[in-house]
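In what follows, a single structure is set out as structure tokens and then discussed.
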There are 2 protein chains.
Amino acid sequence: MPLKNVTIYTDGACSGNPGPGGWAALLMYGDKERVITGYEAHTTNNRMELAAVVESLRVLKEKCLVAVHTDSSYVANAFNENWIEGWVKRGWKTADKKPVKNQDLWEELLKQMDRHQVTFVKVKGHSTDEFNNRVDRLAVEAIKLR
Amino acid sequence: MPLKNVTIYTDGACSGNPGPGGWAALLMYGDKERVITGYEAHTTNNRMELAAVVESLRVLKEKCLVAVHTDSSYVANAFNENWIEGWVKRGWKTADKKPVKNQDLWEELLKQMDRHQVTFVKVKGHSTDEFNNRVDRLAVEAIKLR
RNA sequence: GGACACCAACUUUG
DNA sequence: CAAAGTTGGTGTCC
């Protein structure tokens with residue numbers, strides 16, 4: 001039996017950066033849609049972008065074939081440009097030997113990616129992408145609701 | 001003999017942005033008032049805000065002590081937040097290294113400010129400020145007259 | 001030096 | 001309701 005094919009759009013927002021932040025993920029499988037969101041009182045834009053991906057993968061109960069769509073090159077390049085390989089090889093140090101930020105989230109993300117077969121798709125922000133615009137609004141909402 | 005103390009209110013309008021634009025300036029010296037206005041067929045809101053200031057200073061024949069009132073933080077911050085110092089230092093590049101827009105008008109403004117002693121006062125737009133409301137109406141009129 | 005986000009502020013409009 | 005004209009900053013990496 002083939003893996004379920006899941007499409008995910010994620011986005012993070014952060015009012016002030018750093019400041020109160022929110023994230024949102026839209027999960028699509030067949031004609032089913034599911035939305036999850038989250039909030040944090042003091043965080044950064046990049047942590048929220050990351051958290052959206054981590055939490056969306058954590059939600060999937062069985063192993064899936066996942067296409068994660070994000071407008072964050074911070075997140076997408078980590079895998080598509082293989083940044084993360086270098087980080088792990090150097091013991092979570094950047095190219096200029098400084099500690100990689102948000103290591104906790106990156107490690108949790110790696111754990112989730114072990115459970116699934118994940119591809120990252122970089123999309124342009126604030127553009128004509130309907131789904132990206134939706135999660136963008138949802139992420140901003142997630143802050144305002146508090 | 002002390003410098004003449006001139007109070008100036010400026011405003012710009014732009015129908016469409018970009019689009020046809022107008023600007024107006026109200027110059028006050030003692031109990032004398034003078035109004036100048038201008039029109040451009042294709043311009044931006046910020047160019048009109050800038051042009052209003054440039055032209056109002058150009059009108060003054062002798063060196064004056066001038067208080068320019070504008071509702072544009074684009075204009076006011078350039079001097080009150082010292083943006084312009086950074087631009088000149090960086091060779092007319094913005095903080096993220098992109099070319100400063102409207103360099104022609106900024107340079108002409110600097111030239112005029114050399115001739116006078118100018119202070120910028122930021123006022124709130126579309127508010128209770130009688131003089132700001134007047135130049136606002138005059139700037140919009142300057143477009144409609146064409 | 002490059003890239004992508006996340007914001008902050010003020011206007012100008014539609 | 002949404003978008004353009006403009007600037008300043010931080011979060012992160014190569």
Side-chain angles (χ1 to χ4, degrees), chain A residues 10-23 42-50 52 70-87 90 92-103 105-106 120 122-127 132-133 135-137 139-140 143, chain B residues 10-23 43-50 52 70-87 90 92-103 105-106 120 122-127 132 136 139-140 143:
Chain A
T10 63
D11 198 25
C14 187
S15 181
N17 195 32
W23 56 263
H42 185 76
T43 185
T44 68
N45 67 325
N46 289 328
R47 282 191 73 82
M48 289 295 93
E49 303 272 10
L50 257 175
T70 176
D71 62 25
S72 165
S73 81
Y74 177 57
V75 172
N77 285 349
F79 300 95
N80 293 338
E81 310 273 283
N82 256 317
W83 294 353
I84 202 152
E85 201 179 298
W87 299 341
R90 290 186 290 267
W92 293 101
K93 299 286 187 261
T94 64
D96 43 320
K97 271 98 174 171
K98 287 181 302 209
V100 171
K101 306 277 184 69
N102 308 316
Q103 185 185 338
L105 287 171
W106 288 116
F120 284 88
K122 168 70 178 69
V123 300
K124 216 176 147 27
H126 302 100
S127 176
N132 177 264
N133 287 342
V135 285
D136 176 62
R137 274 179 258 122
V140 171
I143 307 175
Chain B
T10 62
D11 198 23
C14 191
S15 180
N17 197 30
W23 57 263
T43 185
T44 67
N45 65 325
N46 289 328
R47 280 192 76 82
M48 289 297 92
E49 303 273 9
L50 256 175
T70 176
D71 62 25
S72 166
S73 82
Y74 177 58
V75 173
N77 284 350
F79 299 96
N80 293 339
E81 310 273 284
N82 256 316
W83 293 354
I84 202 152
E85 199 179 298
W87 300 341
R90 288 187 291 265
W92 294 99
K93 299 282 187 266
T94 64
D96 41 320
K97 272 104 173 167
K98 285 181 307 209
V100 171
K101 305 281 183 69
N102 307 316
Q103 183 184 339
L105 287 170
W106 288 117
F120 284 88
K122 168 72 180 70
V123 302
K124 215 177 148 26
H126 304 98
S127 176
N132 177 264
D136 176 61
V140 172
I143 307 176

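All chains are named by letter (A, B, ...) in the order of the sequence lines, taking the proteins before the strands, and each is independently numbered beginning at 1.
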Inset, instruction - Go through the structure and list residues passing side chain to side chain donor-acceptor pair (under 3.5 Å) with Q103(A), not counting sequence neighbours. - result: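 Once residues adjacent in sequence are excluded, the partners of Q103(A) under the side chain to side chain donor-acceptor pair (under 3.5 Å) criterion are E107(A).
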Inset, instruction - Tell me, please, which residues at least two apart from N102(B) pass side chain to side chain donor-acceptor pair (under 3.5 Å). - result: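 Checked N102(B) against side chain to side chain donor-acceptor pair (under 3.5 Å); matches are R47(B), Y74(B).
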Mind calculating the distance between [atom1] ([X]) and [atom2] ([N]) to the nearest angstrom?
X       : N       : atom1 : atom2 : value
D136(B) : rU11(C) : CG    : P     : 11 Å
N80(B)  : rC10(C) : CG    : C1'   : 13 Å
D96(A)  : rG2(C)  : CG    : P     : 17 Å
M48(B)  : rC10(C) : CE    : C1'   : 18 Å
N45(B)  : rA9(C)  : CG    : C1'   : 14 Å

Inset, instruction - Indicate yes or no for a side-chain donor-acceptor contact from N17(A) to the backbone of N45(A) under 3.5 Å, with no hydrogens or angles considered. - result: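 At least one qualifying donor-acceptor pair exists.
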Inset, instruction - State whether the side chain of T94(A) and the backbone N or O of K98(A) hold a donor-acceptor pair below 3.5 Å, judged by distance alone. - result: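 Side chain of T94(A) to backbone of K98(A): a pair is present.
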Legend entry - 5' priority, RNA chain C, between V123(A) and D71(B) [closest heavy atom]: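 Residue closer to the 5' terminus by nearest nucleotide: V123(A).
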Inset, instruction - Could you say whether N46(B) or E49(A) is positioned toward the 5' end of RNA chain C, judged by the nucleotide with the nearest heavy atom to each? - result: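 Looking at the nearest nucleotide for each, E49(A) comes out on the 5' side.
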For residues [X] and [Y], report the shortest heavy-atom separation together with the two atoms involved.
X       : Y       : answer
R90(A)  : K93(A)  : NE-O, 3.0 Å
I143(A) : G21(A)  : CG1-C, 3.6 Å
N132(B) : K124(B) : OD1-O, 3.8 Å

When all nucleic acid strands are considered with a 4.0 Å heavy-atom cut-off, which category describes [X]: base, sugar-phosphate, or nothing?
X       : value
R90(B)  : sugar-phosphate
E81(A)  : nothing
N82(B)  : nothing
N77(A)  : nothing
N132(B) : nothing
W87(B)  : sugar-phosphate
V100(A) : sugar-phosphate

Inset, instruction - Residues of residues 12-23 of chain B with any non-hydrogen atom less than 4.0 angstrom from an atom of RNA chain C: list those, numerically ordered, please. - result: G12(B), A13(B), C14(B), S15(B), G16(B), N17(B)
Legend entry - Heavy-atom contact window of chain A on DNA chain D, given 5' to 3' at under 4.0 Å: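 So the outermost contacting nucleotides come out as dT10(D) to dC14(D).
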Inset, instruction - For E85(B), enumerate each residue passing the salt bridge (charged side-chain N to carboxylate O under 4.0 Å, His left out) test, keeping only those at least two apart in sequence or located in another chain. - result: K89(B)
Inset, instruction - Look at H126(A) and rA5(C) and indicate whether a side-chain polar atom (N or O) is within less than 4.0 Å of OP1 or OP2. - result: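 Negative; the distance criterion is not met.
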Inset, instruction - Could you check T94(B) against K98(A) and say which one's nearest nucleotide on DNA chain D is further toward the 5' end? - result: T94(B)
Inset, instruction - Please figure out whether K101(B) or Y74(A) has its closest DNA chain D nucleotide nearer the 5' end. - result: K101(B)
Inset, instruction - Please list, chain by chain and in numerical order, all residues satisfying ring-ring contact (aromatic ring centres under 6.0 Å, His included) with W87(B), sequence neighbours excluded. - result: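 By the ring-ring contact (aromatic ring centres under 6.0 Å, His included) rule, W87(B) matches W106(B).
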Legend entry - Derivation of the side chain to side chain contact (heavy atoms under 4.5 Å, CB included) call for V123(B) and T70(B): CA-CA 6 Å; V123(B) 302; T70(B) 176; 5.9 Å; no
